[in-house]
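Below you'll find the structure, written out as structure tokens, and then a few comments.
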Amino acid sequence: MIYVIDRHTAQGVEPFLRWVRETRFPVIGVMFYFHTPYYGRDELFLSAEERAPIIDGLLRHIRSGLPVINSRAGLLACKSATGQGACLWPT
């Protein structure tokens, strides 16, 4: 499964992961992406400062056994990336 994180969906990450686990979908897990801005800036884009606590949460979810497919190394690299074009690739 794929989940795109933006201003509207950021708060739903943990509930969605718990729902995936509890419903026992036949999937390996969830791959998270951060919203890619269209034509530059837009209102859904999260800054590096806004992404950091979300990434920390994804790392906690990995440690707690929730079905996150993203790698720890990729998430940490994404957390250290800055700028508007940073961390738009899968981790």
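Residue numbers count from 1 along this sequence. A quick note: this is a predicted structure, and the numbers were derived from the prediction, not measured.
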* To do: For side chain to side chain contact (heavy atoms under 4.5 Å, CB included), just list the numbers for L76 and I55, CA-CA rounded to whole Å, side-chain angles, deciding distance to a tenth of an Å, and then say yes or no.
  => CA-CA 8 Å; L76 290 170; I55 294 168; 5.7 Å; no

Could you walk me through whether N70 and M31 pass the side chain to side chain contact (heavy atoms under 4.5 Å, CB included) check?
CA-CA 6 Å; N70 303 72; M31 174 68 73; 3.4 Å; yes

Q: Please report the C-alpha distance between L58 and F32 in whole Å, then the side-chain angles of each, then the deciding distance to 0.1 Å, and finally whether the side chain to side chain contact (heavy atoms under 4.5 Å, CB included) criterion is met.
A: CA-CA 9 Å; L58 290 171; F32 289 91; 3.7 Å; yes

dist T9:OG1 -> F34:CZ (nearest 0.5 Å) comes out at 9.0 Å

Worksheet item: Would you say I2 and V30 make side-chain contact, with heavy atoms under 4.5 Å?
Response: no

On a heavy-atom basis, the closest approach of R63 and R72 is NH1-NH1, 3.6 Å

Using a 3.5 Å distance criterion without hydrogens, assess whether the side chain of R21 forms a donor-acceptor pair with backbone atoms of P67.
no

Residue E50 excluded, over 12 heavy atoms near CD under 6.0 Å:
yes

Would you check if L66 and R60 make a side-chain contact, meaning some heavy-atom pair closer than 4.5 Å?
no

Sorted by chain and number, sequence neighbours left out, salt bridge (Lys or Arg N to Asp or Glu O under 4.0 Å) with D56 holds for K79

Legend entry - Sub-4.5 Å side-chain heavy-atom contact between H35 and L46: no

| said: Determine whether I5 and R51 satisfy the following criterion, side chain to side chain contact (heavy atoms under 4.5 Å, CB included), listing intermediate values before the conclusion. | reply: CA-CA 9 Å; I5 302 171; R51 288 191 310 264; over 6 Å; no

Practice problem: Indicate if I54 and L59 have the same hydrophobic cluster label, given that clusters are the connected sets of ILVMFWY residues with side-chain heavy-atom separations under 4.5 angstrom. | Solution: yes

Strictly under 6.0 Å, is that where the ring centroids of F16 and Y3 end up? yes

F45 and R7 have their tightest heavy-atom pair at O-NH2, 2.8 Å

In short, V68 meets I62 closest at the heavy-atom pair CB-CG1, 3.6 Å

